[in-house]
Chemist: 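Starting off with a structure, shown below.
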Amino acid sequence: MPIEIPTLNFIALAPPLIVIGTALLVLLFDLAVTDKRVLGYLGLVGVVIAAGVSIAMGPRPATTFQAMAISDGYALFFNLVFLATAGLSILIAIDYLERHDLQRGEYYALLLFSASGMMLMAAATDLIVVFLGLEIMSVALYILAGFNWRQLASAEAAMKYFILGAFASAFFLYGAALTYGATGTTNLNQIGLWLSGGNSDPMALVGLGLLLAGFAFKVAAVPFQWWTPDVYQGAPTSVTAFMSVGAKGAGFAALIRVLRSGFGDSAYSADWALAAAVLAVLTMTFGNLAALPQKDVKRMLGYSSIAHAGYILVGVAAASESGVRGVLFYLLAYAFMNVGAFAVASALERRGEFSTTQRDYAGLSQREPLLAVAMTVFMLSLTGMPPLVGFWGKLFVFRAAVEAGMSWLAIVGVINSAVSAFYYLGVVVQMYMRAPAEYSPRLVGEESDAKKPAAVNLEVAIGTAVLLAMLLTVVLGLWPGPVASLVTMMPLG
Amino acid sequence: MAQQLQQGLFLALAGVAVVAALGVIFNRNAVHSALSLLANFVALAMLYVLLNAQFIAIVQVAVYAGAIVVLFLFVVMLLGAGGEMQMGGWLNWRTAFIVAAALVLLTLTGTAVFEGTINGAIGTATPEQIAQVGQTEAVGTALFTDYLLPFELASVLLLVGMLGAVVLGQRWRGAIAGRPSGEAE
């Protein structure tokens with residue numbers, strides 16, 4: 001029986017395909033190039049090209065591969081979020097890997113593969129493609145988390161992430177299978193059609209619940225967050241920067257499309273909005289309270305990333321167009337401020353260690369005034385201080401909740417933001433109000449040259465990443481208009 | 001008559017599958033657990049045959065009963081965990097809670113099934129239609145037309161997996177070579 005190959009719209013998937021192609025090129029050049037930093041810059045070129053193509057394509061929706069995926073404004077906006085994260089993370093990694101003597105070409109290939117998985121998740125309109133994107137992203141991240149073979153903590157992070165991630169994937173698959181059983185299709189729009197036609201089936205409701213649990217694992221929402229602090233702390237800092245934003249963003253990208261295209265106009269739409277609201281409250285509160293006593297900055301940022309997942313869930317719970325727009329803006333803001341914070345953390349990290357404590361930041365304003373200013377900007381933005389981009393993200397998300405009649409949710413969010421100021425400003429206090437020598441017991445017993453304050457390793461690439469992230473955090477905070485109007489032009493196709 | 005035969009076969013095979021699944025969990029010997037898993041996979045394959053899905057049944061035997069169980073046994077062999085495992089103290093509040101939650105879920109599922117509220121969409125491909133083109137052809141056609149993108153993405157996923165094996169495998173060689181002299185093993 002001859003098979004007729006249908007017409008395929010490759011162009012619509014150009015950005016992820018370019019990234020996959022670049023990853024393959026990196027693997028090939030890895031055989032010939034001895035200075036692996038070149039591969040990082042090659043990856044960076046691919047990322048920039050993919051971003052350019054995304055912008056050139058514009059928000060006109062175009063389905064591709066028998067309605068398996070779509071290229072709409074929503075997907076393209078997420079492409080920019082993931083590519084910005086990937087680009088900044090590559091810049092961090094080029095110097096970070098060099099200092100820790102971990103420089104290998106496979107790192108950049110895996111990072112690019114992971115980014116392509118994220119982009120596919122945002123573009124997928126079929127549960128099977130969502131799953132494959134999720135796995136491409138996750139498997140690459142499991143390996144990257146264990147990339148630092150000199151640290152046992154890195155292996156532990158990889159193992160924990162892998163086992164719990166596989167568990168989450170099983171949840172997702174079971175949910176997808178039950179949804180397929182109920183609706184007879186894995187296509188999100190078809191699922192939406194079947195459910196909006198007045199049909200209902202308890203299997204679809206159970207499927208929805210399991211899908212929600214699977215995504216909650218990926219975005220680190222309470223009570224599915226237990227892996228987060230250990231993985232974020234143990235993984236190489238350049239990887240943590242990438243996955244804290246990328247994996248979270250991709251999880252939300254697919255979650256929102258599944259909820260809105262698939263289950264948006266169904267008998268269950270009130271159920272998932274309530275579930276998201278409950279998750280949001282638990283996640284915000286737990287993340288912020290757990291971050292308060294942390295002494296290790298990487299671990300603190302790990303818990304704070306849980307809290308940020310909670311704020312974003314507020315936008316999901318609003319279940320409205322403006323909620324989606326708020327999430328889009330928030331994730332772009334989060335990409336710059338959080339990757340920036342991790343960039344500073346990785347710049348302060350000494351060779352042979354995998355993390356930085358609050359003490360490493362003491363007196364940073366005297367040793368490295370520029371780095372201290374950058375870190376202050378990121379911390380204030382993560383808190384949600386007004387002239388910075390983080391403020392606008394929170395404002396849009398909370399406003400959507402108020403518009404949706406969930407004022408209580410917005411109030412919980414604002415209280416949580418106030419709590420978060422304690423631990424974010426703690427770092428700022430260390431940098432500006434503590435002398436470098438005041439904290440040194442940790443260094444006693446180490447070799448003599450280590451007794452000096454931690455040598456700051458601000459190489460060119462990492463410096464560029466810090467500077468870019470800081471500029472965007474400030475500029476988008478002062479002029480949020482262009483992005484805010486861009487977001488309104490990026491509806492779900 | 002055929003109907004009753006089919007129902008009887010289904011109940012028998014489902015019973016075998018459930019008992020084998022329990023065997024996977026409760027066996028103290030890892031090899032016995034793997035063999036119970038094999039029995040479970042085979043029973044599942046026969047259930048697929050009952051549903052007129054012979055191709056899936058063969059794939060189930062070849063991939064799961066074949067490759068995956070063999071992989072499990074290899075891992076058991078390499079780790080040398082052939083003997084009895086200590087799994088003492090599984091009877092506590094934690095497991096009691098899990099069992100209770102599972103029973104609640106089972107009751108809910110059972111109620112939904114017997115009350116007839118499970119009324120999902122029914123597929124369009126009838127056994128007669130599939131018999132016209134052949135099962136393998138039907139699966140192959142779907143794979144290369146409607147499901148071409150997942151098919152291609154699966155190859156990217158496999159590549160990432162291979163790359164991971166290379167990275168994590170070489171890691172250990174490097175770790176031994178790069179160990180600072182004088183450090184204890």
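By convention in this document, chain letters (A, B, ...) are assigned in the order of the sequence lines, proteins followed by strands, and residues within each chain are numbered from 1.
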Chemist: Heavy atoms only, distances under 4.5 angstrom: which of A:Leu132, A:Thr183, A:Thr185, A:Ile20 has the most pairs with chain B? Name it, please.
Modeler: A:Leu132
Chemist: Taking atom CG of A:Leu8 and atom CD of B:Glu152, what is their separation to the nearest 0.5 Å?
Modeler: 9.5 Å
Chemist: A:Met137, A:Glu135, A:Met203: which one forms the most heavy-atom pairs within less than 4.5 Å of chain B?
Modeler: A:Glu135
Chemist: I'd like to know which of B:Leu108, B:Thr109, B:Leu153 tops the heavy-atom pair count under 4.5 Å against chain A.
Modeler: B:Leu153
Chemist: What residue, out of A:Ala182, A:Ala23, A:Ala67, A:Gly181, has the most heavy-atom pairs lying under 4.5 Å from chain B?
Modeler: A:Ala182
Chemist: Pair up each side-chain donor or acceptor in residues 157-169 of chain B with any protein partner under 3.5 Å, not counting sequence neighbours, and list the distances.
Modeler:
none

Chemist: Given the options A:Leu144, A:Leu110, A:Val206, which has more heavy-atom pairs under 4.5 Å with chain B than any of the others?
Modeler: A:Leu110
Chemist: Crowded around A:Phe162 CZ? As in, over 12 foreign heavy atoms under 6.0 Å?
Modeler: no
Chemist: Taking CD1 in A:Ile11 as the centre, count heavy atoms belonging to other residues, nucleotides or ligands within less than 6.0 Å. Is the count above 12?
Modeler: no
Chemist: Answer yes or no: does atom CG of A:Leu152 have more than 12 heavy-atom neighbours from other residues, nucleotides or ligands under 6.0 Å?
Modeler: no
Chemist: Within the supplied structure, the quantity of interest is the number of heavy atoms (other residues, nucleotides, ligands) at a distance under 6.0 Å from B:Phe41 CZ; does it exceed 12?
Modeler: yes
Chemist: For the CD atom of A:Gln66 and the OG1 atom of B:Thr145, what is their distance to the nearest 0.5 Å?
Modeler: 6.5 Å
Chemist: With chain B as the partner, which of A:Pro202, A:Gly117, A:Gly184, A:Ala204 has the greatest number of non-hydrogen pairs under 4.5 Å?
Modeler: A:Pro202
Chemist: Against chain B, label A:Ile128 side chain, backbone, both or neither, depending on which of its atoms sit under 4.5 Å from a heavy atom there.
Modeler: side chain
Chemist: Does A:Asp126 form a side-chain contact (heavy atoms from CB on, under 4.5 Å) with B:Leu149? I'd like the steps, not just the answer.
Modeler: CA-CA 10 Å; A:Asp126 194 287; B:Leu149 183 62; over 6 Å; no
Chemist: Select one option (side chain, backbone, both, neither) describing which atoms of A:Leu27 are under 4.5 Å from chain B's heavy atoms.
Modeler: side chain
